[in-house]
Amino acid sequence: MAAEAAERHLGLLRDEREAELAQSRAWQESVSLKELQRRGVCLLKLQVSSQRTGLYGRLLVTFQPRKWDSDTELPSNSFGPGDIVGLYESAGQGDPLCTGVVTRVTPKAVTVALEEPRDGELALDHERSFRLLKLANDVTYNRLKRALTALKQYRGGPASDLIDVLFFASAPRAFPETKPLEFLNASLDESQREAVSFSLAQRELAIIHGPPGTGKTTTLVEIILQAVQQGLKVLCCAPSNVAVDNLVERLAGCRARLLRLGHPARLLPPTQRHCLDAALARGDSARIVADIRRDIDRAWAKTKKAQDKGERSHFLGEIKILRKELKEREEAAMAAALSQANVVLATNTGASSDGPLKLLPETHFDLVVIDECAQALEASCWIPLLRAPKCILAGDHKQLPPTIISHRAAAAGLSLSLMERLAERCGERAVRMLTLQYRMHRHIMAWASSELYGGRLRAHPSVAQHLLRDLPGVASTEETSTPLLLIDTAGCGLFELEVEDEQSKGNPGEVQLVGMHVQALVDAGVKAKDIAVVAPYNLQVDMLRQHLCHSHPELEIKSVDGFQGREKEAVILSFVRSNRKEVGFAPAAGHVHLFAPVTSCPVGPFLRRLLDHLGQHGLVRSAFEYLDDLVPQNYPGEGRAQRQQGPKPPKAQPAPAGKPKATAAGAGSQKPGARSSPSAAAAGREGSGSKERGDRFRAMLVAFLESSEAQLDFPASLNSHERMLVHVLAEEYGLLHLSSGEGRDRYISVCKRLPKEPPSLELPSEPLPEPPLPSEPLPESPRCPPKPGESSQGSGKVDLKSLHLERVQREKARREEAARKVQEPSRGSRKKDKSEAKGKPAIESVAGEDFDALISAAIKADRTCGFPRCKASVTTLGQLCHHCQRLFCLSHHIPEVHGCGEKAKAQARQRISREGLLYPGSGSKDNSLDPAKRAHLQRRLDKKLSELTSQRKGKKKDKEK
Ligand SMILES: Nc1ncnc2c1ncn2[C@@H]1O[C@H](COP(=O)(O)OP(=O)(O)OP(=O)(O)O)[C@@H](O)[C@H]1O
Ligand SMILES: [Zn+2]
Ligand SMILES: [Zn+2]
């Protein structure tokens with residue numbers, strides 16, 4: 001049974017391995033080094049910052065970005081301890097100079113234990129420039145293979161009974177009788193106590209199913225300490241270093257002797273003293289070992305100064321002997337340290353028998369504990385499992401399973417974790433679930449509970465109602481008064497920076513918005529260290545870091561993979577697009593704020609249900625509200641500021657008649673003041689309630705357009721979802737839409753652009769009146785970086801102003817276009833004419849009628865995609881092209897697709913040369929933007945934002961006075 005399964009698993013692993021190798025080959029052949037760096041698997045332009053002899057006498061070399069000052073950080077990368085890397089000279093091609101194992105990664109440096117190079121010497125002087133490339137990791141694969149082979153051949157060792165249970169050859173059993181426990185942690189809840197007692201009473205297998213924040217780690221700590229008290233030797237593993245470290249930290253304060261295997265250099269100071277190196281340093285042989293290392297370093301130095309080959313090989317021989325001695329001494333010391341420990345902690349693969357554990361006898365351990373088991377390959381679990389008669393598996397198999405490259409292998413079962421496989425089959429006989437959670441607000445939890453945990457989760461009273469504003473020193477604002485907030489970035493002209501693949505997507509506009517949101521939270525008193533920003537793409541993570549790390553050094557900015565959700569009060573998700581599946585981890589946090597273009601992008605079913613839930617229990621806000629905040633302050637002649645200072649245009653009297661506010665309130669399905677609970681996923685799509693509401697708002701806007709009124713105010717009683725609908729619809733109709741007032745008094749006004757614009761709004765044909773920079777030659781391509789000396793103050797204002805003006809201009813151009821069509825109905829060969837032929841509402845038919853009717857006819861025509869022969873509706877999901885001013889469906893909105901590619905490129909080029917930044921909405925596709933240049937552009941964007949924020953702050957303070 002076990003043998004068959006092991007054999008089958010070996011086959012799947014082989015598939016996976018081949019897929020992995022094929023992928024890395026394909027990458028190396030077809031992908032530029034810069035792109036590899038963007039994907040996080042390559043680090044370019046490094047220099048050696050230090051080197052020394054470390055454990056096992058290996059050469060430990062630390063690399064930092066070239067020309068680093070203390071602030072230079074490595075680009076976002078996926079390097080981690082244990083990774084196999086190749087070291088290359090920056091200019092070099094072909095084979096690496098040597099290979100090595102990563103031992104430590106900090107934001108600013110990466111340390112590699114280099115294998116002895118073939119020629120026995122490596123000239124790593126500080127002047128040379130290197131790159132590191134992650135190589136397909138043979139070590140892990142070989143360890144997995146070895147474990148499965150051992151499982152296949154397993155006969156009569158300590159794990160025999162356990163293997164039978166794990167392959168269902170026998171049922172899990174309990175020990176006949178156990179004394180009632182005295183809990184060391186008195187505050188354990190009911191489900192935690194049950195899990196502890198049950199786990200200790202089981203003979204071979206116990207599974208603890210711990211949804212996020214239910215105290216899984218707390219429970220494991222109790223189990224481990226109880227086991228130690230019973231005199232058991234425990235091997236404690238997890239698939240990732242992060243998870244192992246977490247356990248070490250939690251166990252560190254307790255009375256168990258811990259020993260952490262793995263790479264000491266990367267451990268945090270509080271856990272460092274538990275690592276093997278520290279244990280060795282405390283041991284008797286420490287001084288001897290240190291002495292041998294000194295000898296080795298000295299011999300190395302001599303080798304370098306050696307005059308001839310003979311002399312050099314003499315010293316190399318000496319080094320070899322010294323290393324052998326070092327290894328023997330260290331092994332003896334390690335064996336002693338290992339057997340004295342009560343709890344040995346390692347990653348699953350770190351528990352391999354080719355590592356330090358080979359120094360222990362086969363029957364040394366009584367219990368194996370595997371945390372985060374649902375994220376581990378089953379094969380990796382077998383590495384520790386073969387070492388003990390009993391295991392306790394903990395994790396949450398409702399979260400994302402381990403990542404598999406080979407679809408075939410995944411489908412054939414490689415992505416099925418051991419925990420999931422067992423939990424389904426064993427049920428109550430082996431599984432205990434923790435059901436009280438201590439981290440999420442009940443509204444977030446309710447969604448997660450019904451979505452994933454059969455409705456079994458409950459929220460502990462201490463967190464059930466907890467909002468950010470309840471934290472000490474945090475003010476009550478809209479942002480701090482809701483557990484769930486969605487900022488819909490659709491339709492704001494925030495376009496992605498598109499690069500070749502999935503891992504590297506970014507949206508500079510969204511980065512700005514996230515920055516403002518973080519600032520708003522911090523302004524309200526939330527500490528930056530209590531906030532995490534998470535994005536699914538490396539590029540977005542990089543851009544967020546560059547943008548935010550200086551203003552908020554304590555803010556945690558992570559990719560989805562690296563994120564644990566642990567102990568953060570608020571998590572901000574910057575989705576860039578909305579079809580990602582990764583929201584699964586979102587409930588790990590107390591408060592979740594999402595940025596995603598939900599009304600313009602396809603939404604995955606998982607996110608869709610979260611959005612539905614949001615509609616009921618959260619707050620939905622359009623990113624337009626942020627733009628509104630920005631524009632008036634940076635362009636005082638426009639928008640809200642203008643209306644406040646200048647004479648107010650007459651208020652609208654929209655049909656059906658009534659007071660403007662009352663009428664607008666009647667448009668919602670709710671009584672004024674009542675906060676409705678619309679389906680948020682329906683933010684302009686499904687869900688009849690919301691569609692009705694949308695239709696009513698639409699009717700109001702059409703009526704308003706047909707009326708002679710200049711402004712329509714919506715009441716403050718609209719809920720956030722309704723407000724968003726209004727923003728989106730107003731945008732669609734080319735109306736100016738602004739939010740005014742604070743908090744609950746916030747309301748939206750919609751303004752028309754009458755044919756006679758105020759002079760300040762007239763746009764010159766060259767949109768921006770910024771004087772050209774005389775010293776700067778016109779760049780040829782959009783990739784050209786701006787000159788560093790260029791004033792960012794000016795461009796900061798200009799940029800936002802143009803964003804705003806663009807909206808105005810768009811509407812104007814659209815009207816002109818419509819008017820032109822009416823006046824020249826017979827001039828053929830335009831695209832619109834084609835569309836007319838296939839039955840779109842004919843604008844021509846209204847020729848001669850008044851101007852307002854014309855507008856509404858044009859609007860009707862605008863409701864289908866502007867692409868020839870496409871009949872898709874664009875009423876709620878359309879995207880406006882800034883070049884031809886037409887609405888397109890989602891498959892045709894990209895300028896390149898419907899024929900505006902050249903214009904888009906030209907405009908982007910112009911903008912970039914003028915403003916030195918990749919403008920959101922330029923729609924340009926740039927596949928080879930150099931990261932350094934990108935960084936430079938981003939830094940400029942940063943400066944702008946910090947100016948804006950300080951202006952904002954200034955405003956606020958002014959108001960408060
Ligand atoms: N019985 C309890 N009484 C009070 N607080 C508790 C209890 N159990 C857990 N907590 C608190 O809940 C939070 C989560 O606990 P813990 O880290 O053990 O959970 P977890 O399930 O391992 O979390 P993760 O989601 O990171 O896996 C911690 O802040 C912890 O202090
Ligand atoms: Zn176009
Ligand atoms: Zn279309």
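In each ligand, atom 1 is the first atom listed, and ligand 1 is the first ligand listed.
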Using residues 208-215 as the side-chain source, report each donor-acceptor pair under 3.5 Å to any protein atom, sequence neighbours left out, with the distance given to one decimal.
residue : atom : partner : partner atom : Å
His209  : NE2  : Asp396  : OD1          : 2.8
Thr214  : OG1  : Pro211  : O            : 2.5

In Å, rounded to the nearest 0.5 Å, how long is the span from CD1 of Ile392 to CD of Glu204? 12.0 Å

Quick one: does Arg250 get a heavy atom under 4.0 Å from ligand 1? yes

Mind checking whether Leu188 contacts ligand 1 via backbone (N, CA, C, O), side chain (CB onward), both or neither, at a 4.0 Å heavy-atom cut-off? backbone

Hey, does the side chain of Thr480 reach the backbone of Ala475 with a donor-acceptor pair shorter than 3.5 angstrom? yes

Please check: side-chain N/O of Arg432 versus main-chain N/O of Ser199, any donor-acceptor pairing under 3.5 Å? no

By salt bridge (Lys or Arg N to Asp or Glu O under 4.0 Å) - contacts of Glu222 (at least two apart): none

Under 4.0 Å from a heavy atom of [X]: which atoms of ligand 1 are those, numbered in the order shown and with their elements?
{"X": "Gln192", "answer": "1 (N), 2 (C), 7 (C), 8 (N), 9 (C)"}
{"X": "Ser187", "answer": "1 (N), 2 (C), 3 (N)"}
{"X": "Pro212", "answer": "25 (O)"}
{"X": "Asp189", "answer": "1 (N)"}

Just wondering, are more than 12 heavy atoms of other shown residues or ligands nearer than 6.0 Å to CZ in Arg173? yes

Glu372-ligand 1 polar pair, N/O distance under 3.5 Å: no

Look only at interatomic distance and state if Gly210 has a nitrogen or oxygen under 3.5 Å from any nitrogen or oxygen of ligand 1. no

